[in-house]
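Step one of this worksheet: look at the structure below.
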There are 2 protein chains.
Amino acid sequence: MRLLVVEDESRLAAALQRGLQAEGFAVDVAATGPAGLDAARHGGYDAMILDVMLPGLSGYEVVRRLRAEEHWLPVLMLSAKDGEYDQADGLDCGADDYLTKPFSYVVLLARLRALLRRGAPERPTVLAVGDLTLDPARRRVTRADAEVDLTAREFALLDYLMRRPGEVVSKTELLDHVWDAGMDTAPNVVEVYVGYLRRKIGRERLETVRGAGYRLAT
Amino acid sequence: MRLLVVEDESRLAAALQRGLQAEGFAVDVAATGPAGLDAARHGGYDAMILDVMLPGLSGYEVVRRLRAEEHWLPVLMLSAKDGEYDQADGLDCGADDYLTKPFSYVVLLARLRALLRRGAPERPTVLAVGDLTLDPARRRVTRADAEVDLTAREFALLDYLMRRPGEVVSKTELLDHVWDAGMDTAPNVVEVYVGYLRRKIGRERLETVRGAGYRLAT
DNA sequence: CGGCGTCCTCAGCGCCCTCTCAGCCTCGAT
DNA sequence: ATCGAGGCTGAGAGGGCGCTGAGGACGCCG
């Protein structure tokens, strides 16, 4: 499970990161509104913990923009204020849950788990890496807002790669997951389909790591 | 803001009442279907939270009757079931939103606020995608304001697709939901009925996504 | 009983996708 | 510079997938 923490008080951010990592989450931290928004857009996170008071862009605004762009990442908002209005505002913007500071770490964890269990709100997540987006439900892929037409196999391959952006994925792993495991297909198919994909999404977006596999450029 | 909660489990009803009152709502509670229907008819409420399982009259029936009498009060339905059919049924009857138990209180609040913000539903629930409209209650379909004559099966298929516009729906999913699950009908029926539908609603509105399913063009 | 409408099966057909193969290119080591 | 392994790609075969027309089964109505 990958989490994104957007919090500008560095001590709190570090504490959250340490605590959540101890629970087995992979945690990235952003310290400003714009940085958080950017990370959320491109990151493939399972949930986001978002402070309201942020430099650059308020937490409210971050969620609002995310939702406007059809990103349905679960968002847990944190705020120092405790008026009812703030809470309503946060939820109105599209946050999924709300916690007021100071909060107990245990409560945070409980709410977070509930959020993750519930999964993404309403719509399935749209994967986004760079200017590529992939919508599993709609089976649509866009590159710089232009729709890209993919066959089933190409789509499955890109889907798998986009869930691990920046990581090197080996050919055998792709064979196991994108092609039927157990099928004795020649490993060359992967190369062939990587070729097809490159022609459609842009050659430079899919790097070859000689002897290791392929990597989707972030 | 005045709310009506119709719920027969008294502990849940009391909890909702207390919680919502703390948010500044005026909350009345009814414990049976008939009592709820009566209160909704005469009450001047801004919204209604309605359980499905009720003594006397089911939640479905309550909404159906309200709508039949031209009361357009926003209704948020609660149900312990979570099958897609139930959800579709609830929305078919004229409910405006739907929540399955167990639900988080925060989510309830968020949905409720969204409902109130949206205001009373202008019209009975009619699905619309592009120039297609489908009225579940009247069993009517129009295409560019011209009525389209569909058989029961064709209607059910279009109904299912119009609830997920733009998404790819697989053949097996259609078989499970539009045809009776468990029936071992040949998957080819889907293709056949897609063919029929295309002739009636326009070929280009129903795309084939090879290897994945069908998609209703938005 | 015969006509009608709906639902479903079946078989044939056409096309797009998938995968294989062989030859060529690229990279890195020596 | 040379060589080998790994990676790339164009061509093409085949088969799977989806579409369609024909027709049988069934229920409903006159």
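Below, read A as the first sequence line, B as the second, and so on, with proteins coming before strands; counting in each chain starts at 1.
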Check your understanding: Do B:T218 and B:R205 have side-chain N/O donor and acceptor atoms under 3.5 Å apart?
Key ->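 There is no such pair (donor and acceptor under 3.5 Å, judged by atom type) between the side chains of B:T218 and B:R205.
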Check your understanding: What is the distance from CG of A:N188 to P of C:dC24, rounded to the nearest Å?
Key ->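 To the nearest whole Å, that distance equals 16 Å.
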Check your understanding: Once you round it to whole Å, what is the distance between C1' of C:dT20 and CG of A:L175?
Key ->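 So the CG-C1' distance, A:L175 to C:dT20, works out to 14 Å.
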Review point. Would you call A:R164 and A:E173 a salt bridge, taking side-chain N to carboxylate O under 4.0 Å as the test?
Key: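 Between A:E173 and A:R164 there is a salt bridge, with a charged N closer than 4.0 Å to a carboxylate O.
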Exercise for review: Using a strict cut-off of less than 4.0 Å between a Lys/Arg side-chain nitrogen and an Asp/Glu carboxylate oxygen, indicate whether A:D159 and A:R163 qualify as a salt bridge.
Suggested key: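 Salt bridge flag = yes for A:R163 with A:D159.
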Can you tell me if the side-chain N/O atoms of [X] get under 4.0 Å from OP1 or OP2 in [N]?
X	N	value
B:R153	C:dT6	no
A:W179	C:dC19	yes
B:T151	C:dC7	yes

Point to revise | Residue list, ring pair (Phe, Tyr, Trp, His ring centres under 6.0 Å) with A:Y193, at least two apart or on another chain | key: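 With sequence neighbours excluded, A:Y193 shows a ring pair (Phe, Tyr, Trp, His ring centres under 6.0 Å) to A:W179, A:Y196, given in chain and number order.
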If we ignore hydrogens and angles and just use 3.5 Å, is the side chain of [X] paired with the main-chain N or O of [Y] as donor and acceptor?
X	Y	result
B:E147	B:T142	no
B:K200	B:D149	yes
B:R153	B:V178	yes

Review point. Is it true that atom CZ of B:R140 has more than 12 heavy atoms of other residues, nucleotides or ligands lying nearer than 6.0 Å?
Key: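 For B:R140, atom CZ is not crowded (no more than 12 foreign heavy atoms under 6.0 Å).
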Exercise for review: Could you list by number each residue of residues 190-211 of chain B showing a heavy-atom separation from DNA chain C of less than 4.0 Å, or answer none if no residue does?
Suggested key: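 The answer is B:V192, B:Y193, B:Y196, B:R210.
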Check your understanding: From the list C:dC7, C:dT18, C:dC8, which nucleotide is the closest neighbour of the side chain of B:A152?
Key ->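 Minimum distance to the B:A152 side chain belongs to C:dC7.
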Review point. Considering heavy-atom distances to DNA chain C, does A:P187 or B:E154 have its closest nucleotide positioned more toward the 5' end?
Key: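 Looking at DNA chain C, the more 5' nearest nucleotide goes with B:E154.
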**Study point:** Along DNA chain D, first and last positions that approach a heavy atom of chain A under 4.0 Å
**Key:**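 Answer, 5' to 3': D:dA5 to D:dG10.
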